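What you see below is based on every heavy atom in this structure, not just the backbone, and it leaves out hydrogens, waters and symmetry mates. Labels below follow one simple rule: chain letters A, B, ... track the order of the sequence lines, proteins then strands, and each chain is numbered from 1. Note that the structure is a prediction, hence the values are computed from the model and not measured.
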Number of protein chains: 2
Amino acid sequence: MSTDRGEPARQRLTRAEAKARTRRLLLDAAARVFARKGFAGASVEEIAESAGFSIGALYSNFGGKEALFLELMAERGLGRVSEAAQTLDRHEAGTGEAAAELGRLLVHVADKDTDFAPLQAEFWLYAVRNPHVLDTMATALREPRQALEGLIDTWLAERGAPADVPADSVATVVAALFQGLVRLRRVDPDSVPEELFGQALQWLFSGIGAAPAPARPADQD
Amino acid sequence: MSTDRGEPARQRLTRAEAKARTRRLLLDAAARVFARKGFAGASVEEIAESAGFSIGALYSNFGGKEALFLELMAERGLGRVSEAAQTLDRHEAGTGEAAAELGRLLVHVADKDTDFAPLQAEFWLYAVRNPHVLDTMATALREPRQALEGLIDTWLAERGAPADVPADSVATVVAALFQGLVRLRRVDPDSVPEELFGQALQWLFSGIGAAPAPARPADQD
DNA sequence: GTCTATAAACAGATAGAC
DNA sequence: GTCTATCTGTTTATAGAC
């Protein structure tokens, strides 16, 4: 309290606030560097310097490289998936409009937020390689998918599909398709035009409405 | 030629054959280790030992760690995607049966061939981070997708969908969905039951057949 | 709380023996 | 053609100054 001196005191940060700010800056830098170099390929030195600090600051705020990565994973493990649900919630009516909006989201994630998909892939790889993290990720991923599920319930009712169709399955399909298209677009943009995701959703929902009870896929033998 | 001595000469390998065998063993070991540790996380020592050789043998057969990785990528970059198309080609008639077959393929890739998806993710990350490899991968991925496209053309005709629907878009959607579901199943198997992929395809194709010309997604303003 | 300097371990790659 | 030994650079993590 009495330690501040002739300093201009530009922002007046308590030590706790300063430390929190450092942590935030380090976390953001870590997201950048991990996305661009991968978990193993990134060095703590590059992360610290990218945040404008030195290695010492990093170790004073986090247990180490792995702890920093895990904290980042807990913070943005499920990324924009929950954002997506919220964005779509505003377009309750009009599946077509919502589909177009989803198309824009895909383009944004794939083209603009260039660090997002690689970081997500890095999280996935880490989880697959570290079984005890796998469960954490599984439950973390279920949350945003349930948000999607609520939305899909609405769409389904709107389309006149019977309660017969399990909304959680549809939500899983939509989420998987989104991820797959984002990844593909990063490698070959021409093969995934902006409208493709919306188009696919139209096909999907139209098909769900058309075939009410496809419980038995095909038993023709 | 005159170097072999009292050795039992079990298989009689020429030096060229022996070297080819070493390369193959190293390549296979590299696939295992890269899948489990990642490109940066894997050490050449572990790869060499996993193949039953020493570091020297690796460097005598490949330019180095990166060259080994790139060769592996060229060899199995597109993985079972082309296999999938061939498998399905046998079930020309009966979309339902083909869908069930695809479901089994997904389960196999996700559950049995545990190294496949992580290795594929590693390839993708490498391509995204090395632009000059990106183009190579884009063209490599187009090939199996065209095989899928031919198959889809058949299904579409069978379903009575007009030529209106672009088969390449459908192929892209199917491929992206497959990849997305495989990844999700590795993390949360319960959320991706064995039949889900086939089910989703049924919905999709049924929807394509139902809505003949959805060229303009939604213009209601 | 953050920085500088350093310790200790490990990586990729090479040289020469066999 | 493959192995052993080694060189060189880099890495994580820590200790002590400020």
Side-chain angles (χ1 to χ4, degrees), chain A residues 1-7 9-30 33-34 36-72 126, chain B residues 1-7 9-30 33-34 36-72 122 126 130:
Chain A
M1 276 193 170
S2 58
T3 44
D4 55 333
R5 306 240 295 295
E7 295 276 1
R10 332 151 64 107
Q11 289 123 297
R12 179 94 64 182
L13 290 171
T14 67
R15 275 187 283 277
E17 284 170 339
K19 180 157 191 172
R21 175 179 158 278
T22 302
R23 278 180 65 89
R24 179 98 306 275
L25 256 22
L26 282 168
L27 243 7
D28 292 344
V33 179
F34 280 137
R36 308 225 239 262
K37 304 286 187 73
F39 173 66
S43 72
V44 291
E45 186 182 16
E46 185 174 358
I47 293 172
E49 278 179 5
S50 172
F53 295 95
S54 64
I55 303 180
L58 191 153
Y59 277 94
S60 132
N61 280 282
F62 300 93
K65 183 176 161 178
E66 192 156 22
L68 175 55
F69 184 78
L70 287 171
E71 199 148 326
L72 194 65
Y126 189 90
Chain B
M1 276 191 174
S2 57
T3 45
D4 55 332
R5 306 237 298 292
E7 296 275 1
R10 334 152 63 108
Q11 291 122 302
R12 177 94 65 182
L13 291 170
T14 67
R15 274 189 283 278
E17 285 171 338
K19 179 155 191 171
R21 175 180 158 279
T22 303
R23 279 181 63 90
R24 178 99 306 276
L25 256 20
L26 282 168
L27 243 7
D28 291 344
V33 180
F34 281 137
R36 307 224 239 263
K37 304 285 187 74
F39 172 66
S43 73
V44 290
E45 186 182 17
E46 186 174 357
I47 294 172
E49 279 179 5
S50 173
F53 295 95
S54 63
I55 303 180
L58 192 152
Y59 278 95
S60 132
N61 281 281
F62 301 93
K65 182 175 163 179
E66 194 157 21
L68 175 55
F69 184 78
L70 287 171
E71 197 147 327
L72 195 65
E122 212 63 47
Y126 189 90
N130 299 77

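Atoms CG and CG, on A/L27 and A/L68 in that order, are 6.0 Å from each other to the nearest 0.5 Å. Note that the CG atom of A/L72 and the CD1 atom of A/I47 stand 9.0 Å from one another [nearest 0.5 Å]. Rounding to the nearest 0.5 Å places OG1 of B/T22 at 3.5 Å from CZ of B/F53. Here the CZ atom belonging to B/R36 is positioned 7.5 Å from the OG atom belonging to B/S50, to the nearest 0.5 angstrom.
Checked against C/dG12, C/dC3, C/dG1, the side chain of A/R15 finds its nearest nucleotide in C/dG1.
Distance A/L25 CG to C/dT2 P: 10 Å, rounded to the nearest Å. Atom CZ of B/F62 and atom C1' of C/dA13 are 16 Å apart (whole Å). For A/N61 and C/dG1, the CG to C1' distance is 8 Å, given to the nearest whole Å. When rounded to the nearest whole Å, the span between CG of B/L26 and P of D/dT2 equals 8 Å. Protein atom OH of B/Y59 is 16 Å distant from nucleotide atom P of D/dT4, rounded to whole Å. Atom CG in A/L68 sits roughly 11 Å away from atom P in D/dT12 (whole-Å rounding). Rounded to whole Å, atom C1' of D/dG1 lies 18 Å from atom CZ of B/R24. To the nearest angstrom, P of C/dT2 lies 11 Å from CG of A/L13.
The minimum heavy-atom distance between B/I55 and B/A48, with the atom names listed, is N-CB, 3.9 Å.
Using a 4.0 Å heavy-atom distance criterion, B/G56 is classed as a base contact.
Residues from residues 38-55 of chain A with heavy atoms under 4.0 angstrom of DNA chain D, sorted by number: A/A42, A/S43, A/V44.
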With a 3.5 Å cut-off and sequence neighbours excluded, list the donor-acceptor pairs that the side chains of residues 57-67 of chain B form with protein atoms.
unit_1	atom_1	unit_2	atom_2	d
B/N61	ND2	B/A57	O	2.9
B/K65	NZ	B/F39	O	2.9
B/K65	NZ	B/A40	O	3.4
B/K65	NZ	B/A42	O	2.7
B/E66	OE2	B/Y126	OH	2.3

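Taking only side-chain nitrogens and oxygens, B/K65 comes nearer than 4.0 Å to OP1 or OP2 of C/dG12.
Here the side chain of A/E46 pairs no donor or acceptor atom with the backbone of A/S43 at under 3.5 angstrom.
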